[in-house]
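A short worksheet on the structure shown next.
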Amino acid sequence: PEQKKPAGERSRERGLFALKRHQDTLRRVQEREQLFESAPVRVAVAKQVIPAVASQMVALLYTSADTFFVGLLGAPAQTAAVHVANPSFMFLTAISNLFGVGGASVIARMLGRHEREKASQVASFCFWGGAAASLLFSLLFFLLHVPILSVCGATEDTFETARQYAFYVIVAGALPTVLSTLLSNLTRAEGRAGAASAGMIFGSLLNIALDPLFVLPQFLNMGAAGAGLATAISNLASLLFFLLILRREREATVLRIGPRQLRFAAVHAPAVLSIGFPSAVQYALTVVAIAAQSHFVSAYGSMATAALSITKKIDNLPLYFSVGVSNGLLPLVGYNHAAGNDKRAWSMFRFGAALSLSFALFCTLCFELFAPAITSVFIREAETAALAAGFLRRMCVAMPFMSLCYPLIVRFQAMGEAKKALVVSVLRKGVLDIPLLFLYDSLWPMTGCMWVQPTVDCVSLLAALRLSRPREKRPQA
């Protein structure tokens, strides 16, 4: 029989193992600090932005997958139902951003000041706050889904399908949807962009794989409701991925979500919520704007609503790219601003904004030239595809303006300038959209609704540029 090792030897081995683990933890922490503080600007931006953009691109594929596979059914009412439920689903992103973007900004700035314990307290508040808010929203939607879906443009032939889709993605799926996105933002805030993106990509790819199984008639034949179920399952898988990552990295990460840290919630809540509020408001008002646009377009029939749904999916490509760039920039700008290195923070922002603008210009050119071919990929019915192509050629004019406006809003948030971020966010979504919908639809019925976003993005970009100008110092008397 194998003899046991002496107690002293076992103790020595445990000590060596603990020392090695501690050294490995220190090495990983130092690598992250080096990325923020001393790595070449383009290298640091690339390491944060490329995974974030990749995550957004895969997320776009999975959101488009619902429309694509439902569109294969050849039933515009099914496609329209997904679009009708989408504004309410986007409200979950608003909740996630309230705690995720706000928490990411605060955590990045605390790490810039080397306040790791406080960063852990913020992470705990964000996680449990997001969980409570998502459950509350899920309950409210369950109780009020009839008027909500009706306001979002549900008609007699789309309501039941929209209700089934919304049950899976919102009532059943709110908690994992909010927490997976929230943890992705917080993970990226401490320099682990790869892990943040891996969790989201995993969930997105799973959703793409499950969509045909649940939607198409040759398999489970659940239609649009099956797309909702696939989304709920994939978001749950993504959440479990992040929880496993946190457990594995528990000694090297500041993201400690134990409820014991909640005793510090009152200390950190104002900072988190004030910074996250502009993002939450922007997404919440986006829901209102999309619902209003859908309501206007629904007056022209299910075909027009389906065409708008397809257009929004395609139009999201440069938006998601810009969001990815901005998500990658936020911790870099916040960390260096808090550390007093504003010159490095500005260089990082300028490089990232140039990437965002370049991609938006490329997309605008492609969409103007090849709109009919692109829209026909999403639906076989020729008349709906042609109508969507006309919508796309109008809406894509907004892309260059949006590609600079969104990073500027995130820059304000990264630097803790909540009021500036809120002003531009409300301008971009909320103040102008609905009045312009009434005006433009009266001037150019149906197609006029597509010119609202280019107008709004142009105005909000001008405001963001004005607010980003440094204040001139008044001469002392």
Just so I know, are the side chains of [X] and [Y] near enough to count as touching, which here means a heavy-atom distance under 4.5 Å?
| X | Y | answer |
| --- | --- | --- |
| Gln453 | Gln293 | no |
| Thr455 | Leu432 | no |
| Phe401 | Leu462 | no |
| Met200 | Phe241 | no |
| Met402 | Pro318 | yes |
| Leu35 | Val43 | no |
| Leu317 | Phe359 | yes |
| Ser204 | Ser234 | no |

### Message
Any side-chain to backbone donor/acceptor pair from Ser347 onto Lys343? Under 3.5 Å, distance only.
### Response
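Flag set: sc Ser347 to bb Lys343 pair under 3.5 Å.
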### Message
Under a 3.5 Å distance rule, please check whether Arg469 uses its side chain to pair with a backbone N or O of Leu465 as donor and acceptor.
### Response
no
Closest non-hydrogen atom pair between [X] and [Y], with its separation:
| X | Y | result |
| --- | --- | --- |
| Leu182 | Cys126 | CD1-O, 3.3 Å |
| Met348 | Leu332 | SD-CB, 3.6 Å |
| Met446 | Ala304 | SD-CB, 3.9 Å |
| Val84 | Leu149 | CG1-O, 3.8 Å |
| Leu437 | Ala289 | CD1-O, 4.4 Å |
| Gln78 | Thr161 | OE1-CG2, 3.8 Å |

### Message
Consider side chain to side chain donor-acceptor pair (under 3.5 Å). Of Ser279, Ser274, Ser425, which one does Gln413 pass it with?
### Response
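The side chain to side chain donor-acceptor pair (under 3.5 Å) with Gln413 is passed solely by Ser279 among Ser279, Ser274, Ser425.
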Checking [Y] against [X]: is there a side-chain donor and acceptor pair closer than 3.5 Å?
| X | Y | result |
| --- | --- | --- |
| Glu33 | Tyr335 | no |
| Arg109 | Ser105 | yes |
| Asp441 | Tyr300 | yes |
| Arg411 | Ser326 | no |
| Ser322 | Ser356 | yes |
| Tyr283 | Ser96 | no |
| Gln48 | Arg188 | no |

Rounded to the nearest 0.5 Å, how far does [atom2] of [Y] lie from [atom1] of [X]?
| X | Y | atom1 | atom2 | value |
| --- | --- | --- | --- | --- |
| Leu392 | Leu387 | CG | CG | 11.5 Å |
| Leu239 | Thr177 | CG | OG1 | 9.5 Å |
| Leu439 | Ile434 | CG | CD1 | 14.0 Å |

### Task
Evaluate the criterion side chain to side chain donor-acceptor pair (under 3.5 Å) for residue pair Arg192 and Thr253; output intermediate values, then yes/no.
CA-CA 10 Å; Arg192 294 189 295 153; Thr253 181; 3.3 Å; yes
### CZ/Arg116: more than 12 non-hydrogen atoms of other groups inside 6.0 Å
yes
### Task
Can you establish whether the number of heavy atoms outside Arg466 located under 6.0 Å from its atom CZ is more than 12?
no
### Message
Between Phe438 and Phe296 (judged by ring centroids, cut-off 6.0 Å), do the two rings come close enough to count as a pair?
### Response
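Yes - the distance between ring centres of Phe438 and Phe296 falls below the 6.0 Å cut-off.
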